[in-house]
J.: 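Quick one: the structure is below, and I'll ask about it shortly.
It should be emphasised that the depicted structure is a prediction, and the values quoted were computed from it without experimental measurement. We're numbering straight along the sequence, starting at 1. Values below: all heavy atoms of this structure, side chains included; hydrogens, waters and symmetry mates excluded. Indexing begins at 1, ligand by ligand and atom by atom, following the structure's order.
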Amino acid sequence: METQILSCSCEWLELARRYIEEGEVVAFHTETVYGLGANALSDEAVLKIFELKGRPADNPLIVHVHREYDISPLIDGEPPYAAALRRAFLPGPLTMVYPSTGKVSKYVSCGLNTLAIRVPSSPTAQEFLKCVDLPIAAPSANLSKHVSPVTARHVYDDFNGKIPLILDGGACSGGIESTVLDCTGKVPQILREGLVTREMISSVAGECGVYHAQNGEKPKSPGMAYKHYSPRCRTAFFNENELNEAVSLYKEAEKEGETPCFLCESDVCAQLFGFRTLDLGGTGEVMAQRLYDLLRKGEKVATLLIGIEPKQKGGVMAGVRNRMHRAFGVEHGTEES
Ligand code: TXA
Ligand code: MG
């Protein structure tokens with residue numbers, strides 16, 4: 001199968017619609033990361049996503065809809081804060097988990113009685129979703145465990161020859177996946193941190209929890225149990241106080257014929273003059289935007305990628321730190337401050 005990368009013109013949207021109606025899988029731009037979409041009402045189409053990604057069968061998918069799509073047949077009631085959150089943050093990088101009516105394929109939620117729904121703000125995603133006018137199940141468009149894609153080329157690198165079409169909307173402005181928010185309880189609870197922060201949600205809903213699975217407990221958001229976002233090279237991770245150790249490792253690796261490279265925020269890069277570095281930037285928003293692109297660059301230019309933990313916490317950094325920890329295989333502790 002030939003994989004075409006096409007922009008979002010009427011002709012190509014029509015082609016995308018035909019593929020979706022035929023049960024095919026189509027990749028599309030969103031403001032967070034690219035998605036791998038299929039008709040959420042079709043068992044066969046949804047199963048194709050799991051097969052293509054090599055995704056574990058117990059990791060549920062998010063359903064994407066356009067801004068005018070009526071989600072009420074899909075959800076079985078909602079708490080009072082949900083409408084206010086939708087008004088404040090949608091369309092945008094917030095996925096809301098509701099009690100499900102079970103109208104979409106049972107494979108979407110993998111046996112859970114809830115359904116995750118997202119209304120992306122990317123014009124490409126909106127036009128695609130409007131054109132198909134169906135709920136579209138879509139995980140990030142990367143092979144399972146690999147780094148999420150933030151350009152059409154990244155999707156192509158993972159799925160060339162396996163899907164017919166990538167709807168190109170350019171580089172993703174957000175850069176990390178949406179915030180996943182459990183909206184089934186009295187208080188909303190973040191299951192996956194992202195660009196819509198705990199502070200932002202609290203300011204609208206009054207309160208907002210952050211869920212962390214207790215030891216041995218199956219997480220509420222099953223995807224969070226898996227090693228993720230991993231570059232395909234050796235990795236090491238240090239905090240900013242361990243810069244000397246990181247430099248020693250770099251030098252040792254180089255002596256042994258390896259190609260090490262640092263991934264760190266701008267002011268740490270400045271201290272590492274003369275070493276190979278990938279610059280994450282200086283603010284949470286920029287770090288989110290660059291992280292996945294740099295992880296994918298890192299695996300191409302280096303045999304050993306050395307991550308240095310950014311100093312900043314809170315806001316968007318909660319999501320950035322979470323993704324970095326998981327990319328570098330570090331236990332992700334509670335950051336509930
Ligand atoms: O920004 C995003 O959310 C991107 C773009 C493509 O929209 N999508 C994305 O999908 O990141 P994925 O499949 O890579 O991650 C979905 C996450 C997983 O951690 C999954 O376990 C969780 O959402 N999830 C999905 N349905 C859920 C549900 N009913 N209850 C709890 N967690 C759910
Ligand atoms: Mg993913």
Side-chain angles (χ1 to χ4, degrees), residues 25-38 40 46 49-50 52-65 74-76 89-102 104-122 124-126 128-129 135-150 154-155 158 166-167 169 172-185 188-196 211 213 218-230 288 292 319 322-323 326-327:
V25 171
V26 167
F28 61 101
H29 175 272
T30 86
E31 71 279 17
T32 56
V33 302
Y34 275 75
L36 196 60
V46 172
I49 295 177
F50 283 88
L52 278 166
K53 277 191 65 119
R55 183 175 177 103
D58 65 349
N59 190 6
L61 304 177
I62 297 171
V63 158
H64 297 62
V65 295
L74 304 182
I75 65 173
D76 191 8
F89 300 117
L90 301 190
L94 174 68
T95 295
M96 297 170 69
V97 175
Y98 301 94
S100 174
T101 52
V104 300
S105 161
K106 61 180 181 291
Y107 297 110
V108 169
S109 289
C110 306
L112 299 174
N113 56 8
T114 53
L115 180 65
I117 302 184
R118 164 155 145 71
V119 186
S121 63
S122 143
T124 303
Q126 278 294 320
F128 164 60
L129 293 166
I136 295 293
S140 50
N142 52 281
L143 289 168
S144 190
K145 298 193 181 69
H146 196 210
V147 179
S148 299
V150 290
H154 292 161
V155 182
D158 281 13
I166 302 169
L167 280 176
C172 301
S173 57
I176 59 170
E177 299 83 353
S178 63
T179 305
V180 177
L181 188 69
D182 183 352
C183 296
T184 62
Q189 195 179 35
I190 292 179
L191 304 180
R192 177 177 73 183
E193 286 144 326
L195 296 169
V196 176
Y211 174 80
K218 193 176 175 181
K220 277 199 199 171
S221 190
M224 301 304 275
Y226 297 106
K227 183 165 190 266
H228 246 78
Y229 321 119
S230 309
Y292 289 149
N322 165 283
R323 303 311 192 277
R326 299 178 68 207

J.: Suppose I only count heavy atoms of Ala116 and a 4.0 Å limit; which atoms of ligand 1 are within that range?
T.: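 That gives atoms 25 (C), 26 (N), 27 (C), 29 (N) of ligand 1.
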
J.: Is Asn59 touching ligand 1 with its side chain, its backbone, both, or neither, if touching means heavy atoms under 4.0 Å apart?
T.: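 Side chain only; the backbone of Asn59 stays clear of ligand 1.
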
J.: Start with the C-alpha distance between Lys53 and His146, add both sets of side-chain angles, then the distance that settles side-chain contact (heavy atoms from CB on, under 4.5 Å), and finish with yes or no.
T.: CA-CA 10 Å; Lys53 277 191 65 119; His146 196 210; over 6 Å; no

J.: Testing the basics here: between Gly194 and Ile176, what is the closest heavy-atom pair and its distance to 0.1 Å?
T.: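 In this case the closest contact between Gly194 and Ile176 is CA-CD1, 4.1 Å.
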
J.: Under 3.5 Å between some N or O of ligand 1 and some N or O of Lys53?
T.: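 N/O-N/O distance below 3.5 Å does not exist for this pair.
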
J.: Any atoms of ligand 1 less than 4.0 Å from a non-hydrogen atom of His64? List them with their elements.
T.: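 Near His64, meaning under 4.0 Å from one of its heavy atoms, ligand 1 has 5 (C), 6 (C), 7 (O).
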
J.: Indicate whether the side chain of Ser148 and that of Glu177 have a donor and an acceptor atom separated by less than 3.5 Å.
T.: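 Short answer, yes.
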
J.: To the nearest 0.5 angstrom, please state how far the OH atom of Tyr107 sits from the CG atom of Leu61.
T.: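 Nearest 0.5 Å value for the OH-CG distance: 12.5 Å.
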
J.: Can a salt bridge be assigned to the pair Arg326 and Glu193 using a cut-off of 4.0 Å between side-chain N and carboxylate O?
T.: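 Salt bridge: no.
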
J.: Hey, what do you get for CD1 (Ile166) to CZ (Phe28), rounding to the nearest 0.5 Å?
T.: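 Reported to 0.5 Å precision, the distance equals 12.5 Å.
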
J.: Do any N or O atoms from the side chain of Thr32 and from the backbone of Gly174 form a donor-acceptor pair under 3.5 angstrom?
T.: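 Checked: no pair found.
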
J.: Could you tell me the separation between the NE2 atom of His64 and the CD atom of Gln126, rounded to the nearest 0.5 Å?
T.: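 Reported to 0.5 Å precision, the distance equals 11.0 Å.
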
J.: Do Glu177 and ligand 1 have an N or O pair less than 3.5 Å apart?
T.: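 Such a contact does not occur with ligand 1.
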
J.: To the nearest 0.5 Å, what is the distance between OH on Tyr98 and CG on Asn113?
T.: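 That separation rounds to 15.5 Å.
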
J.: Are any of the N/O atoms in Thr30 less than 3.5 Å from those in ligand 1?
T.: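 Not met; the criterion fails.
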
J.: Can you list the ligand 1 atoms lying under 4.0 Å from a non-hydrogen atom of Leu61?
T.: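 Heavy-atom distances to Leu61 below 4.0 Å select 25 (C), 26 (N).
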
J.: Mark up the atoms of ligand 1 that fall under 4.0 Å of a heavy atom belonging to Ser140, in ascending order.
T.: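 Under 4.0 Å from Ser140, ligand 1 has these atoms: 8 (N), 9 (C), 10 (O), 12 (P), 14 (O).
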
J.: At a 4.0 Å threshold, what atoms of ligand 1 neighbour a non-hydrogen atom of Val180?
T.: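 Counting from 1, the qualifying ligand atoms are 23 (O).
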
J.: Which count of protein N, O or S atoms is obtained for distances strictly below 2.8 Å from the Mg ion (ligand 2)?
T.: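 Counting protein N, O and S atoms closer than 2.8 Å to the Mg ion (ligand 2) gives 1.
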
J.: Would you compute the distance between atom CG of Leu115 and atom CG of Asp76 and round it to the nearest 0.5 angstrom?
T.: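 Going from CG on Leu115 over to CG on Asp76, the span is 11.0 Å.
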
J.: Is there a donor-acceptor contact under 3.5 Å from the side chain of Tyr34 to the main chain of Gly169?
T.: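 Yes, Tyr34 side chain to Gly169 backbone: donor-acceptor pair under 3.5 Å.
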
J.: What are the atoms of ligand 1, with element, lying closer than 4.0 Å to any heavy atom of Leu191?
T.: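 Near Leu191, meaning under 4.0 Å from one of its heavy atoms, ligand 1 has 31 (C).
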
J.: Are Ser178 and Ile62 packed together at the side-chain level, in the sense that at least one heavy-atom pair is separated by less than 4.5 angstrom?
T.: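 The answer is yes; the side chains approach within 4.5 Å.
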
J.: Counting both backbone and side chain atoms, is some N or O of Tyr34 under 3.5 Å from an N or O of ligand 1?
T.: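 Not met; the criterion fails.
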
J.: Between Thr114, Leu36, Thr32, which one has a non-hydrogen atom sitting closest to atom 30 (N) of ligand 1?
T.: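 Looking at heavy atoms only, Thr114 sits closest to atom 30 (N) of ligand 1.
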
J.: Could you list the atoms of ligand 1 found under 4.0 angstrom from a heavy atom of Pro139?
T.: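 Those qualifying, in numeric order: 6 (C), 10 (O), 12 (P), 13 (O).
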
J.: For ligand 1, which atoms sit closer than 4.0 Å to a heavy atom of Gly35?
T.: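 Counting atoms of ligand 1 from 1, those under 4.0 Å from Gly35 are 6 (C).
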
J.: Using 0.5 Å steps for rounding, measure from the OG1 atom of Thr179 to the CZ atom of Arg118.
T.: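 One gets 9.5 Å once the value is rounded to the nearest 0.5 Å.
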
J.: Looking only at heavy atoms, is any part of Arg55 under 4.0 Å from ligand 1, and if so is it the side chain, the backbone, or both, or is it neither?
T.: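 The answer is the side chain.
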
